[in-house]
Protein chains: 2
Amino acid sequence: MFDLKPIGHVRSPLQDREHAPKQGSEGSPEACLVFQPEFQEGLRDLRAGDEVLVFTWLDRGNREILSVHPRGDTRAPRRGVFSTRSPDRPNPLGLHRVKIVQIVSPVQFKVLDLEAFDGTPIIDVKPVLDQARES
Amino acid sequence: MFDLKPIGHVRSPLQDREHAPKQGSEGSPEACLVFQPEFQEGLRDLRAGDEVLVFTWLDRGNREILSVHPRGDTRAPRRGVFSTRSPDRPNPLGLHRVKIVQIVSPVQFKVLDLEAFDGTPIIDVKPVLDQARES
């Protein structure tokens with residue numbers, strides 16, 4: 001077992017699973033990344049316009065499930081969770097590619113295209129590298 | 001704090017930091033993803049030819065560091081870790097896009113382009129979605 005520490009959280013108008021879009025590009029509202037002050041040094045080179053990968057901990061995911069109906073469609077055959085982006089998986093990591101649109105403060109960034117509930121813990125941020133190689 | 005449980009580990013000829021390429025595409029040897037048997041159901045829809053995202057726990061990373069010299073070059077100015085892919089960061093998550101080239105067994109997959117040391121814990125696997133949106 002490894003200890004994951006939250007470095008911040010998502011502030012978003014999305015409040016529950018029923019109202020969340022399945023993927024960010026299908027229309028997520030503007031959201032904010034709010035970091036704990038002790039991580040400010042690590043954030044100092046992020047700029048408005050940057051596209052970054054945000055890693056979250058999908059704390060409402062069911063960690064005991066190993067197969068799911070894709071997108072919740074019970075008519076579709078179950079798939080192994082490692083072939084899906086379901087939040088139900090042994091380690092409910094979320095991966096979100098977002099664009100920073102405004103540095104509100106050194107620890108608060110407004111972003112586009114973030115599909116995550118209000119309060120979702122943030123655990124890491126990484127730069128997007130070469131789009132052809134990465135994702 | 002959240003508990004992350006390893007679901008498997010990397011088997012690779014890469015044994016230490018000095019010999020690891022900085023990014024996978026710079027020439028990683030063929031490696032193997034070896035999963036614990038209890039996660040087999042979650043893996044059942046992965047196929048040879050699939051490109052997937054492998055999430056690892058970079059257990060040699062220094063979790064107390066918030067800025068680093070990019071690629072270890074001490075002449076370069078330090079950068080906040082969240083603008084780098086350094087393994088030194090509060091939560092040392094590794095993200096690797098790899099191609100499955102052979103299903104050796106239901107819990108053992110041979111892959112290309114994996115930059116990770118032998119024994120590195122695997123914590124999640126996700127499908128690559130739309131390349132334009134995702135990474």
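In what follows, chains carry the letters A, B, and so on, assigned in the order in which the sequence lines appear, proteins first and then strands, with residues in each chain numbered from 1.
- With hydrogens and angles disregarded, no donor-acceptor distance shorter than 3.5 Å links the side chain of N91(B) to the backbone of P6(A).
- In the hydrophobic clustering of this structure, V98(B) groups with I103(B); members are Ile, Leu, Val, Met, Phe, Trp, Tyr whose side-chain heavy atoms approach within less than 4.5 Å, directly or through other members.
- Heavy atoms closer than 4.5 Å to chain B are found nowhere in P92(A), neither backbone nor side chain.
- Options R89(B), H96(B), R78(B) differ in how many heavy-atom pairs under 4.5 Å they form with chain A, and the most are formed by R89(B).
- Following chains of ILVMFWY side-chain contacts shorter than 4.5 Å, one cannot reach L33(A) starting from L58(A), and the two form parts of different hydrophobic clusters.
- Hydrophobic clustering keeps V34(B) apart from V107(B) (ILVMFWY residues linked when any side-chain heavy atoms are closer than 4.5 Å, directly or through intermediates).
- Here the closest non-hydrogen pair linking L46(A) and S83(B) is CD2-OG, 3.4 Å.
- When heavy atoms are compared at a cutoff of 4.5 Å, F55(A) approaches chain B solely by way of its side chain, counted from C-beta outward.
- Counting only heavy atoms from C-beta outward, the side chains of L4(B) and M1(A) never approach each other to under 4.5 Å.
- The cluster map of Ile, Leu, Val, Met, Phe, Trp and Tyr, joined by side-chain heavy atoms under 4.5 Å apart, puts L53(B) and I123(A) in the same cluster.
- Taking L93(A), V81(A), I65(A) one by one and counting their heavy-atom pairs under 4.5 Å with chain B, the maximum is reached by L93(A).
- Within residues 36-45 of chain A, the residues approaching chain B closer than 4.5 Å by heavy atoms are, in numerical order, E38(A), F39(A), E41(A), G42(A), L43(A), R44(A), D45(A).
- Using a 4.5 Å cut-off between heavy atoms, R63(A) contacts chain B through both its backbone and its side chain.
- With hydrogens and angles disregarded, a donor-acceptor distance shorter than 3.5 Å links the side chain of R85(A) to the backbone of P127(B).
- Put simply, of T84(B), L66(B), I7(B), D3(B), the one with the most heavy-atom pairs under 4.5 Å next to chain A is L66(B).
- No side-chain heavy atom of V54(B) sits under 4.5 Å from any side-chain heavy atom of F82(A).
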